[in-house]
Amino acid sequence: MSDIILQANGLVKTYTQRSGKFGFGTTLVKALDNVSITLHAGTTLAVVGESGSGKSTLARCLLQLQPLDSGEVIFAGQDLSKLHASALRDVRKNLQMVFQDPFASLNPRMRVGEIVGEGLLIHGLGSAGEQQKKVIAMLKRVGLTEADMQKYPHEFSGGQRQRIGIARALVLEPKVVVCDEPVSALDVSIQAQILLLLKELQQEMALSYIFISHDLRVVRHIADDIVVMYQGKVVEQGKVADIYEQPQHEYTQNLLAAIPGKKVGAGKKSGECLI
Amino acid sequence: MPADLQIDKLNEATPLLQLSHVSISSKKTPTRLLVNDVSFSIDAGKTTCVVGESGSGKSLTALSIMGLLSKQLQLNTGKVLFNDTNDGVQDLTLLNETSLQKIRGAKIAMIFQEPMTSLNPVLTVGYQIGESLTTHLGLKGERLKTKITSLLEMVGIPPSRANSYPDELSGGQRQRVMIAMSIACEPRLLIADEPTTALDVTVQAQILKLLDDLKTRMNMGMLFITHDFGVVADIADHVVVMFRGEIVESGTKEQVLGNPQHPYTKALLACVPDAEGKNALKPIDYAWLKQEEVA
């Protein structure tokens, strides 16, 4: 077993929600209820669950984009939840995120070159010339061209925008990348391209992924380990093959049964998909 | 009486909706066709799936059926023959706006992709479901309320939610409200434009089952637009594959999924990740296009 690169222990996050007449009352929603995960270096850990299960909250809390109520996130021997803003900024070079909606997560008034290079600028990595070289190399690596640097996000298709989002995250050469549903907004035909790109980059740059998704077809192809979340709790975790072949928890079984195209198997060999 | 019977039989034989040679272009550049010579038909009680990537013209085709194309676009050629049991076969492209209004929502209804943007945020969902009932069937007062209640029950939402606003409902519930709205007047044809794309897999499975049940119970024809072959395998009777505005392949589900003929259909099928993880991921490939150009 490879080394542990990121570990989260007993994460708790509670949101207050307005309720009652005119929202005068409040109810507490437990988005994360004692969640612990372990990410091994160079592997992919998938977090699956339906909307509202807390998987996106987990992503944000791991990167300290939202404060935790309690629990610790250990990366490189430090507890991130106790770090101050400036120390956290240094650590964030190594922890990057690819967001779900490529239409909403890129600033429409910045050129692609600025978007991708912003991280380098903030962390003061290299001279301006070196930064530009890095940005160009990264854009080329994700399948875009040097000329694309001068363009704005609206000039690109959904798949290309997600490539920009990936370039933006990876230009800092992070160790851990949290991908929050990176392909759920894309056509099925584009999904495979982006997934393959993520896989290749993982090999080249020795990345570890936390991959958040509700699509178990996608997870099967990219993940090594799986955590299944339901209503803020981890209900099941283990190796990909084990969970797909012998799901223990009822909720995991339901998720697997809901994969489209599965039921048609009756016509062919039982259990086999038509596609 | 015998004459009437004959007409009924005649109507039974013709499909519920028939698109023949439909072409759509922008008004500025009429020679550049966005949808080129598309023909297919939908039978009552059956589901026809239109599959294609974004930009393949599948949504435009659906919008053209009810005359909902935006003003910048025009229908160049083609007929949309709708077989209405009362009025016989009509070409919807020849109807004026007033006659179309009578058909929209009453005989042909549509479910849109994003329930978030298609529902009015300042009206209760009960009101929005009732709107078409009042317009087309003239229901009012107590009778309207009972009908709304039964519709909400049919799609699996507690009737007390009729007084909720769209933002108080989850994504799946909103899509159920959209479905309740569309089936309110018991249409003959339901057009569903990627109704589950924005939803989770578990909710998607529920919505697909609901649509399939309603289709059978009300003997509706359904035009289902999607880019996901997994969904097609679950719901379709007939499949139409579109690429760059043209139909590249069509047939029964078993034909198209089991024995695809066109290289594009094969490529599109290959890029759906399989749940068993046996086959390697394959990005969509357009190599066949070059070969075709050479030939």
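Numbered from 1 within each chain, the chains take letters A, B, ... in sequence-line order.
No more than 12 heavy atoms of other residues, nucleotides or ligands lie within 6.0 Å of NZ in A/Lys233, so this atom counts as exposed by the packing criterion. Taking a 6.0 Å sphere around NZ of A/Lys151, one finds it holds more than 12 heavy atoms contributed by other residues, nucleotides or ligands. Other residues, nucleotides and ligands contribute more than 12 heavy atoms inside 6.0 Å of the CD atom of A/Glu204. For NZ of B/Lys27, the number of neighbouring non-hydrogen atoms (other residues, nucleotides, ligands) closer than 6.0 Å is greater than 12. Annotation for B/Glu153: atom CD counts as buried by contact number, over 12 foreign heavy atoms lying within 6.0 Å. Around the OH atom of A/Tyr15, the shell of radius 6.0 Å holds more than 12 heavy atoms that belong to other residues, nucleotides or ligands.
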Exercise. Before giving the answer on side-chain contact (heavy atoms from CB on, under 4.5 Å), spell out for B/Val201 and A/Ile259 the whole-Å C-alpha distance, their side-chain angles and the decisive distance to 0.1 Å.
Key: CA-CA 6 Å; B/Val201 265; A/Ile259 296 176; 5.6 Å; no
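Among all heavy-atom pairs drawn from B/Gly230 and A/Arg217, the shortest one is CA-NH1, 3.9 Å.
In this structure, no portion of A/Leu216 lies under 4.5 Å from any heavy atom of chain B. Only the backbone of A/Leu186 comes within contact range of chain B, with at least one heavy atom under 4.5 Å from a heavy atom of that chain. Proximity to chain A involves both the backbone and the side chain of B/Glu53, based on heavy atoms less than 4.5 angstrom apart.
Atom OG1 of B/Thr202 is separated from atom CG of A/Asn254 by 8.5 Å, given to the nearest 0.5 angstrom. B/Cys271 SG to A/Ile190 CD1: the interatomic distance, rounded to the nearest 0.5 Å, is 8.0 Å. How far NE2 of B/His227 is from CD of A/Gln191: 7.5 Å, rounded to the nearest 0.5 Å. A distance of 8.5 Å separates CG in A/Asp187 from CG in B/Leu268, rounded to the nearest 0.5 Å.
Of the listed residues (A/Ala241, A/Ser189, A/Ala192, A/Ser157), the greatest number of heavy-atom pairs within a distance under 4.5 Å of chain B belongs to A/Ser189.
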